[in-house]
Peer 1: 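If you scroll down you'll find the structure; I have some questions about it.
Letters go in sequence order (proteins before strands), and every chain restarts at 1.
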Amino acid sequence: MSLAARDLIKTNNNHRGTALVADDELSNRIILKSLLKKNGYEVIQAVDGADAVHKFSEKPTDMVFMDVMMPIMDGYESARKIKEISGEHFIPIIFLTAMTDEDALAHCIEVGGDDFLTKPLNHTLLRAKILAMERIRDLHRDLYQLYGRMQRDEEIAEQVFSNAVLAGNVAFEHIHSLSRPADIFSGDILLTSFSPSNDLNVLMGDFTGHGLAAALGALPVSEVFRSMSTKGFSPARILSAINEKLANMLPTGMFLAAQYVTISHDLDHITICNCGMPDLLILDGDNNSIKHRVISSALPLGIDSNLAFHDNVKVYFIKPGDRILLATDGVSEARNINGELFGQARIDEIVKTQNSDSFVLDTITKQLEEFCGNAPQDDDITAAEIPCISALFPKKELTRSASETPHTAEHVHSSNIGDDVDFNLTLRHGRLRDANPIPLLISYIQETAGLDEHRATLFTLLTELYVNALDHGVLGLSSDIKETSDGFTHYLQEREHLLSVLNEGSITIGLRIEPNKTGGKIIICVEDSGAGFDYKKERACTSNTALCGRGLMLIEELCESLEHNEKGNKVVAVYSWSN
Amino acid sequence: MAISTQSSDDGNTLTIQIVGRFEFASHGDFRKAYKPQPKAGINYLIDLSETDYMDSSALGMLLLIKEYAEVNKGTVTLLSPQPDIEAIFKVANFHTLFTIKN
């Protein structure tokens, strides 16, 4: 009913509702009935308390007038029962009493009565009480409706939240997590996703405040995180994109503190960025000692849209069995009944004394519960412990190209069949310094041809080919440097230096996608501006490690054919698939 | 939680002191303390010497007053935070955004 309609009914004195009058004396009922009729109420009469309960349960009225002393069942008992029947609906009960005993009057209110009138009845007072009761009833009804709407909204929002934000998570069967929202909604988020090369990306975030408003930001964050992660963007790029999106979207004063972790699929290293969160701990799998403590080094996300995260992303070497402990400040800042904080020191102590074959988080959860007891929870509490084990990652072998007749470099440019798609991308000069075209190419292939199950292989192929063109072609680095043990570090330093002063050169990547009835092929052509190299010698290299041979063996293994031009600055790889 | 303000004689400096907890519930009072101001170029001093707790909403409120001050050609300085609060600023890297004086 609209407010206007309700007002109309209110001002209409003929139909304001129905009142139940319970009094064992006929004369009293008649007087009250005539007064109520003048005020627009239909009247139902009851001769005692039991009769009143009976009549009310048959047909609930809008208001009840109740005598106290009645045979069979008195007014107190009757009022209690009527309140019980009306449940969540507010039905005002006004006691009619000749008593002046204050205790008895107070008892009227205790049993559920809302007000009382003393006999003999005064018409002006009765009218005032009716108006007051109607006002309270309307407020109650509005509140009840609002509450119902809020609950519905929250249920819908919770579904959207779990479908959009949580359902996309991966590897959760191995990650121990603790989530205790301060509200129905948590302003904390824990997102996981695999990159095309099957590295595991994890983002734990804490929005300012808690409840629905805080949870709203989780939608765009999870969207950006997932789409960029599955396309293979680096942690710094993903963080920049989330940061920019939030800075543009969130009102000033609202932001997201975050811990970002990428665990390499070979369990060799992890990449971490801590943006305004408590310490992130890397635990040694052998003895649970704290191997690394990663403190916050960047502003939370959503404050300054121009931040770059390159300098804040750090790499740590790990070994299988090590563990990563992530937590929002809800854990360290949880309070007990005396207002004391749980504190980072307590967390460190638990880690130190923990047996290394059980989860630290289980002990933290238990101690946190004991510590906080019944103290009110100020903030959302979220934590996760990730064991660095191979079971985290999908057991997918890289797909191999289906075999077909090999193509030559010339063939690529002369073939001209039906529904082919060509895509060319050239990066020049400074663009080579900071661009990573692989995610773009992968997403292009996926939009054009689908090929979900081939994504990891295509990602590896494209990455290897591009890195070769950049490192050995444009930058002219020799892969020989990598062969000694600290040569790899030296190689990376040299590469970084050359990139920072790079101001010439180009790489062109061409993609041709040729679908046919039984599958299709992708022809990848990468050409760089470099001087070329002796590919015959390189391809003869027998050692198939990442440190040697430009990864050519890996590439050959994955694709159907691999051709270099004579100069060695252009390579064509063909990858076939069958449906 | 109690928020009090004191304006300097020339009206160019407004000191806002927060005693006790600075958190979500302080939002309304804190906003009333700095807005609206009669003139531009006011330097806001946020006195945190008596503040013993701060949550992330409070950090958000500091960003709000910073934005308000900058739009009105003023400045914001955070004064004398206690060690616990200073640690929170450090974690959030707020020293890159605010002048913090002891």
Peer 1: Can you sort out the partners of A:E385 under side-chain hydrogen bond (donor to acceptor under 3.5 Å, both in side chains), two or more places apart, ordered by chain and number?
Peer 2: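 Residues passing side-chain hydrogen bond (donor to acceptor under 3.5 Å, both in side chains) with A:E385: A:R323.
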Peer 1: Name the region of A:I303, side chain, backbone, both or neither, that has any atom closer than 4.5 Å to a heavy atom of chain B.
Peer 2: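 Contact with chain B is through the side chain of A:I303 alone.
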Peer 1: Against chain A, label B:L97 side chain, backbone, both or neither, depending on which of its atoms sit under 4.5 Å from a heavy atom there.
Peer 2: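 Side chain only.
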Peer 1: Please tabulate, one pair per line, the N or O donor-acceptor pairs under 3.5 Å between chain A and chain B.
Peer 2:
unit_1 : atom_1 : unit_2 : atom_2 : d
A:G209 : N      : B:S56  : OG     : 3.4
A:T252 : OG1    : B:E67  : OE1    : 3.2
A:T252 : OG1    : B:E67  : OE2    : 2.5
A:S296 : OG     : B:V91  : O      : 2.3
A:S296 : OG     : B:N93  : ND2    : 3.2
A:A298 : O      : B:N93  : ND2    : 3.1
A:D378 : OD2    : B:R21  : NH2    : 3.3

Peer 1: For chain B, which of A:G339, A:P300, A:G253 has the most heavy-atom pairs under 4.5 Å?
Peer 2: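 Most heavy-atom pairs under 4.5 Å with chain B: A:G253.
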Peer 1: Would you find more than 12 non-hydrogen atoms of other residues, nucleotides or ligands less than 6.0 Å from A:Q354 atom CD?
Peer 2: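 More than 12 within 6.0 Å, yes.
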Peer 1: Answer yes or no: does atom CD1 of A:I290 have more than 12 heavy-atom neighbours from other residues, nucleotides or ligands under 6.0 Å?
Peer 2: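 Atom CD1 in A:I290 is packed in, count exceeds 12.
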Peer 1: Just wondering, are more than 12 heavy atoms of other shown residues or ligands nearer than 6.0 Å to CZ in A:F371?
Peer 2: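 Buried by this count: over 12 neighbours within 6.0 Å.
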Peer 1: Out of B:L63, B:I65, B:V91, which one racks up the most heavy-atom pairs below 4.5 Å with chain A?
Peer 2: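 Heavy-atom pair counts peak at B:V91.
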Peer 1: Can you say whether A:L299 sits under 4.5 Å from chain B via the side chain, the backbone, both, or neither, judging by heavy atoms?
Peer 2: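 Answer is both: backbone and side chain atoms of A:L299 are under 4.5 Å from chain B.
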